[in-house]
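Everything on this sheet refers to the single structure shown next.
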Amino acid sequence: MAIEASGTSFLSDPTSEIVADPYGLYARLREAGPVHRIAGPDGRPASIVTRYDDVRQALADPRLSLDKRRARPGGYQGFALPPALDANLLNMDPPDHTRIRRLVTQAFTAGRIERLREPVRRTADELLDDIAPDGRADLVAAYAAPLPIAVICELLGVPPQDRPDFRGWTDALVAPDPTRPGMAKEAIGSMLGFFGRLIAHKRAEPGDDLLSALIAVRDENDGDDRLSEDELMSLAFLILFAGYENTVQLIGNATLALLRHPGQLAKLRADPARIPSAVEELVRYDGPALLAIRRFPVEDLLIGGVTVPAGETVLLSLAAADRDPLRFPAPDRLDLDRDTAGHLALGHGIHYCLGAPLARLETEIALGALLERFPRLALDVPYSELRWRPSARARGLLTLPVRY
């Protein structure tokens with residue numbers, strides 16, 4: 001990788017470098033310039049922004065559109081989702097974004113999330129009961145992955161016997177296996193069929209769940225701001241995809257960070273009431289999203305003093321911004337006493353993560369139950385042997401072998 005002082009370097013193969021050492025790479029980019037040209041996750045040219053002030057400002061700038069139709073010809077490709085899954089908040093600007101987010105907020109209430117606290121703790125305890133006699137486990141497969149699956153299914157009202165392979169679907173989209181080029185298409189087809197059947201069932205037999213509430217918002221609202229059928233299915237898809245995907249990585253990354261910092265781990269063991277504030281530092285330190293959802297300038301735009309042309313794919317690095325030493329002193333150190341106010345791991349502005357309260361709840365409970373149950377929890381392999389998902393977008397472990 002060549003980096004020019006002007007901030008117009010071209011990084012030809014970012015994924016391999018990001019997987020190997022994302023924070024070292026981002027530090028070099030931050031120091032070299034405010035904006036850099038790279039090959040984006042879709043292989044097309046993109047501009048990446050890494051400094052905290054620039055990323056925070058760009059996250060809230062209405063001139064940076066999420067609408068893929070704003071991409072210039074021959075530019076961004078990204079996921080080829082069908083309309084029934086593509087009409088979601090990650091592809092929308094106001095006024096459609098405002099309309100749908102307002103309708104979702106009517107159903108996705110703080111009370112509904114809080115009612116999940118007991119089921120989340122019960123599921124965490126059951127998963128730990130299952131692995132306790134073994135003394136060793138892959139904590140991703142046995143705990144970090146199945147816990148969010150159970151929570152999302154509880155939220156959407158999916159019976160245990162009908163729970164599909166959520167992890168297989170999200171892996172196929174976020175970190176596809178290059179030896180199986182048809183995986184993404186298969187996953188999309190499976191999701192379309194699953195959500196179609198689920199919505200039909202919930203219409204016929206509504207329950208006290210989020211999907212039933214969203215269907216009621218769709219069917220009982222006769223105004224111009226009602227959800228379309230594609231928007232309803234796309235919302236269900238987004239809740240599954242983002243709610244599951246981000247929480248799996250957050251629980252795994254947070255656990256690893258604590259195991260690698262025994263002094264910080266001891267603080268939490270001594271005072272579990274610190275876990276909620278600790279989660280904020282853990283998500284800043286090694287959060288699940290390396291990049292915010294791509295954006296497209298609606299006009300030539302100055303970012304950090306660099307002109308980014310209209311229609312360019314712009315990638316805002318949340319991970320790089322949250323390790324910017326001008327915002328967080330000694331940012332590469334995990335410090336549970338740190339003031340984390342303003343971290344960007346869950347976004348900023350009108351596109352701030354809608355599911356952030358749920359992700360926090362799950363992670364707090366998951367860590368609390370794990371540390372309470374296993375006082376001798378430790379890594380079972382050297383750190384250098386851990387394997388990370390081959391993705392430039394998401395930061396997450398493939399496995400987390402532990403002993404207890």
Side-chain angles (χ1 to χ4, degrees), residues 1-59 64 174-175 246 249-250 252-254 256-257 260-261 280-295 303-306 308 312-335 338 340 342-348 383-384 386-397:
M1 177 188 66
I3 300 178
E4 301 172 10
S6 64
T8 58
S9 61
F10 188 83
L11 189 62
S12 59
D13 183 18
T15 300
S16 60
E17 294 192 53
I18 287 174
V19 172
D21 181 19
Y23 300 108
L25 171 62
Y26 287 144
R28 297 196 299 275
L29 290 174
R30 262 196 324 265
E31 292 165 5
V35 180
H36 297 276
R37 292 274 284 172
I38 68 167
D42 63 352
R44 303 298 179 100
S47 292
I48 190 168
V49 185
T50 56
R51 295 177 178 175
Y52 178 90
D53 287 343
D54 296 331
V55 171
R56 189 175 192 276
Q57 182 176 344
L59 285 168
L64 282 165
V174 175
N246 289 335
Q249 316 314 334
L250 180 51
N253 294 3
L256 174 63
R260 297 190 71 210
H261 295 82
E280 300 306 312
E281 168 65 353
L282 289 162
V283 73
R284 178 210 68 85
Y285 177 79
D286 198 9
L290 294 172
L291 303 170
I293 191 71
R294 73 288 172 274
R295 285 158 164 80
I303 301 178
V306 176
V308 179
E312 171 87 337
T313 302
V314 175
L315 303 174
L316 306 176
S317 178
L318 307 176
D322 279 344
R323 293 281 189 112
D324 188 336
L326 296 181
R327 178 62 183 83
F328 298 105
D332 296 327
R333 185 180 72 227
L334 181 69
D335 180 2
R338 183 191 303 276
T340 58
H343 77 70
L344 302 177
L346 299 171
H348 173 65
Y383 175 76
S384 60
L386 293 175
R387 295 181 299 126
W388 296 87
R389 300 180 74 190
S391 173
R393 300 184 184 93
R395 170 77 169 164
L397 290 157

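As the structure is a prediction and not an experimental result, all values here were calculated from the model.
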query: Nearest heavy-atom pair of G342 and Y52: which atoms, and what distance?
result: O-OH, 2.6 Å

message: Are L334 and E281 packed together at the side-chain level, in the sense that at least one heavy-atom pair is separated by less than 4.5 angstrom?
response: yes

task: Output the distance between atom NE2 (H343) and atom CG (L282), rounded to the nearest 0.5 Å.
output: 10.0 Å

query: Shortest non-hydrogen contact from G304 to P34?
result: O-CG, 3.2 Å

From CG (L346) to CZ (R284), nearest 0.5 Å: 13.0 Å

query: Is R323 close enough and on-axis enough to Y26, meaning under 6.0 Å and within 45°, for cation-pi?
result: no

query: Looking at CG of L29 and OG of S317, how far apart are the two atoms once the value is rounded to the nearest 0.5 Å?
result: 8.5 Å

- request: Mark yes when over 12 heavy atoms from residues, nucleotides or ligands other than E280 sit less than 6.0 Å from its CD; otherwise mark no.
  value: yes

- prompt: Do R56 and L344 come close enough that some side-chain heavy atom pair is under 4.5 Å?
  reply: yes

- prompt: Is there a donor-acceptor contact under 3.5 Å from the side chain of R338 to the main chain of P329?
  reply: yes

task: Report yes if some heavy atom in the side chain of R295 is under 4.5 Å from a heavy atom in the side chain of L316; otherwise report no.
output: yes

message: Ignoring hydrogens and geometry beyond distance, is a side-chain donor-acceptor pair present between E312 and S47 at under 3.5 Å?
response: yes

query: Which distance, rounded to the nearest 0.5 Å, do you find between the CG of D335 and the OG1 of T340?
result: 10.0 Å

message: Show the nearest heavy-atom pair for residues Y23 and A319, with the distance to one decimal.
response: CE2-CB, 3.8 Å

message: Could you tell me if the side chain of N253 sits less than 4.5 Å from the side chain of W388, heavy atoms only?
response: yes

- prompt: Taking C-beta and beyond as the side chain, do V55 and T50 meet within less than 4.5 Å on heavy atoms?
  reply: no

- prompt: Once you round to the nearest 0.5 Å, how far does CG of L25 lie from CD1 of I48?
  reply: 7.5 Å

- line: Closest heavy-atom pair, A292 versus L59, reported as atoms and distance to 0.1 Å, is CB-CD2, 3.9 Å

Side chain proximity check, R395 to P288, heavy atoms < 4.5 angstrom: no

L315 CG to I38 CD1 distance, which is reported to the nearest 0.5 Å: 5.0 Å

- prompt: Does the side chain of F328 reach to within under 4.5 Å of the side chain of D322, using non-hydrogen atoms?
  reply: yes

- line: Heavy-atom nearest pair, R389 first then Q249, reads NH1-NE2, 2.7 Å

task: With ring-ring contact (aromatic ring centres under 6.0 Å, His included) as the test, would you mind laying out the steps for Y285 and H261 before giving the verdict?
output: CA-CA 12 Å; Y285 177 79; H261 295 82; 5.6 Å; yes

message: I need the minimum non-hydrogen distance between S391 and L290, along with the two atoms involved.
response: O-CD1, 4.2 Å

query: Is any side-chain heavy atom of L291 less than 4.5 Å from a side-chain heavy atom of L318?
result: no

